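On a predicted model such as this, the values are computed, not experimentally measured, just so you know.
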Amino acid sequence: ADLLYSLYKVLKKLGPFSNEELRIFLSDARKITNSRDTASHNDISSSPVENGMDESGNNLRWTTFGVCGSKKGEFSEPTGIVVDRESRIVVADTFNDRLQRIAPDFGNIEIMGKSGSGAGEFRVPRGLAIDAKGNLGVADTGNHRIQVWHFNTTSWVVKGQKGSLLAELNVPRGLAFDRRNNIWVADSNNHRIQIFASVTQACTVIGKLGIRPGEFRGPRGLTFDSRGNVWVADTENNRIQKYDISTKAWRAFGCLGQK
């Protein structure tokens with residue numbers, strides 16, 4: 001990771017390169033470095049590993065699955081993961097530009113999508129979310145949009161396009177559904193949150209670039225708690241923020257540090 005970050009800084013100085021060109025350069029570099037390590041991680045079956053203890057002193061038992069690659073059951077820097085209502089594990093297989101859906105017993109694996117810009121196609125997908133009806137939301141980051149897979153119709157609906165206006169997105173990385181199945185999106189490079197209505201075409205913008213509560217710098221992840229409050233990973237401000245639905249106010253927590 002340190003080597004790739006150093007390469008990224010060098011490429012930025014040698015530029016100008018577009019974000020897509022930088023992605024291709026770094027993707028190729030990852031393939032080279034990952035291939036070096038694949039020999040020691042060549043078992044694609046699930047394997048339980050004990051690592052650490054819980055609060056009661058019991059051993060934690062982890063199950064690992066997958067290796068670096070592009071075949072079924074192989075991954076290239078998976079970023080998002082969610083469990084659907086049938087207990088299948090859906091993974092954003094980010095640099096393979098696809099999703100993989102895995103049965104609870106690891107016995108069946110489905111590939112969803114491929115590299116592209118059509119409906120049901122992806123470029124560097126990252127965040128995933130499931131709504132109350134079982135529909136799957138995807139932050140199709142490299143295509144600057146989100147996609148929703150409707151459980152009943154098995155069809156994809158695309159929302160957003162590249163830009164900075166209302167209902168436009170710039171490198172969306174995370175998303176979550178609220179209680180009404182509206183889609184909240186971390187519009188990362190526009191430094192804001194956007195809410196796409198579930199039924200209508202309405203869209204609402206929350207926040208702007210800044211450091212005050214309710215302002216953001218490169219937000220990435222977000223989620224809802226049991227009371228319906230929204231929590232946002234305000235990544236480049238090195239903090240998290242909470243929107244309280246009862247007070248309609250934002251509150252920031254944390255700062256840069258290791259404590």
Side-chain angles (χ1 to χ4, degrees), residues 43-49 51 54 60-116 118-141 143 145-160 172-186 195-199 220-231 233:
D43 180 8
I44 66 170
S45 62
S46 60
S47 54
V49 179
N51 186 4
D54 63 17
L60 296 175
R61 194 168 179 83
W62 292 88
T63 297
T64 62
F65 181 85
V67 296
C68 177
S70 58
K71 297 178 181 179
K72 185 182 291 188
E74 298 178 343
F75 303 94
S76 182
E77 297 201 19
T79 304
I81 188 168
V82 71
V83 178
D84 69 16
R85 64 183 188 179
E86 296 181 8
S87 298
R88 295 173 298 188
I89 306 152
V90 185
V91 181
D93 189 4
T94 302
F95 282 94
N96 279 327
D97 298 321
R98 66 187 184 186
L99 311 180
Q100 293 199 61
R101 187 165 58 188
I102 306 164
D105 62 356
F106 301 100
N108 184 53
I109 305 168
E110 300 173 70
I111 291 177
M112 302 174 69
K114 61 180 180 179
S115 182
E121 298 176 344
F122 307 97
R123 291 193 189 279
V124 200
R126 292 185 181 273
L128 301 176
I130 299 282
D131 72 8
K133 297 179 180 179
N135 301 318
L136 171 67
V138 182
D140 190 6
T141 306
N143 280 323
R145 65 187 186 182
I146 61 173
Q147 295 196 62
V148 180
W149 182 78
H150 287 274
F151 183 81
N152 292 330
T153 64
T154 66
S155 63
W156 289 94
V157 174
V158 175
K159 293 178 180 285
R173 287 190 171 96
L175 76 168
F177 292 95
D178 65 18
R179 292 174 174 176
R180 298 181 178 178
N181 290 334
N182 300 313
I183 311 167
W184 292 55
V185 182
I195 308 171
F196 290 82
S198 61
V199 179
R220 296 193 178 188
L222 69 167
T223 191
F224 288 88
D225 64 23
S226 60
R227 296 183 178 180
N229 304 312
V230 64
W231 293 80

Distance col, row Leu175:CG vs Ile146:CD1, nearest 0.5 angstrom, shows 6.0 Å
Within 45 degrees of the axis of the six-membered ring of Phe95 and under 6.0 Å from its centre: does Arg123 put its NZ or CZ there?
-> no
Heavy atoms only: give me the nearest Val138-Leu128 pair and the separation to one decimal.
-> CG2-CD2, 3.8 Å
Does any N or O in the side chain of Asn96 come within less than 3.5 Å of the main-chain N or O of Gly69, such that one atom is a donor and the other an acceptor?
-> yes
Would you check if Trp231 and Leu222 make a side-chain contact, meaning some heavy-atom pair closer than 4.5 Å?
-> no
Looking at Lys133 and Arg85, what are the two nearest heavy atoms and their distance?
-> O-NH1, 3.1 Å
Roughly how far, to the nearest 0.5 Å, is CZ of Phe122 from OG of Ser115?
-> 11.0 Å
Any residue meeting salt bridge (charged side-chain N to carboxylate O under 4.0 Å, His left out) with Arg98, in chain and number order, not counting sequence neighbours | Asp93
Is it the case that Arg101 places NZ or CZ above or below the six-membered ring of Trp149, under 6.0 angstrom from the centre and within 45 degrees of the axis?
-> yes
Can you tell if the side chain of Pro104 reaches within under 4.5 Å of the side chain of Ile89, non-hydrogen atoms only?
-> no
So, the side chain of Asn143 versus the backbone of Gly116: is there a donor-acceptor pair under 3.5 Å, distance only?
-> yes
With a 4.5 Å limit on heavy-atom distance, are the side chains of Phe106 and Thr63 in contact?
-> yes
Please check if the side chain of Thr94 supplies one atom and the backbone of Glu77 the other of a donor-acceptor pair under 3.5 Å.
-> yes
What's the shortest heavy-atom distance between Ala103 and Arg88, and which atoms?
-> CA-CG, 4.4 Å
Contact check, side chains of Ile183 and Val148, non-hydrogen atoms, under 4.5 Å = yes
Which value, rounded to the nearest 0.5 Å, describes the distance between Ser87 atom OG and Ile102 atom CD1?
-> 13.5 Å
Flag the pair Phe196 / Trp184 as yes when their ring centroid distance falls below 6.0 Å, and as no otherwise.
-> no
Give the minimum heavy-atom separation between Phe177 and Ala129, together with the two atoms involved.
-> CE1-O, 3.5 Å
Does any N or O in the side chain of Gln147 come within less than 3.5 Å of the main-chain N or O of Gly120, such that one atom is a donor and the other an acceptor?
-> yes
Specify the closest pair of heavy atoms between Arg180 and Ser198, including all atoms of both residues, with the distance to one decimal.
-> O-OG, 3.2 Å
Taking Asp97 for its side chain and Val124 for its backbone only, find out whether a donor-acceptor pair lies under 3.5 Å.
-> yes
Are the side chain of Gln100 and the backbone of Glu74 linked by a donor-acceptor contact shorter than 3.5 Å?
-> yes
Nearest heavy-atom approach of Gly174 to Ala139 is N-CB, 4.2 Å
Considering only heavy atoms from C-beta outward, does the side chain of Leu136 approach that of Asp84 to under 4.5 Å?
-> no
Is it true that a side-chain atom of Arg126 and a backbone atom of Pro78 form a donor plus acceptor pair closer than 3.5 Å?
-> no
Test item: Asn135 side-chain N/O and Phe151 main-chain N/O as donor-acceptor pair under 3.5 Å = yes
Short side-chain to backbone donor-acceptor contact, Thr141 and Pro172, under 3.5 Å | yes
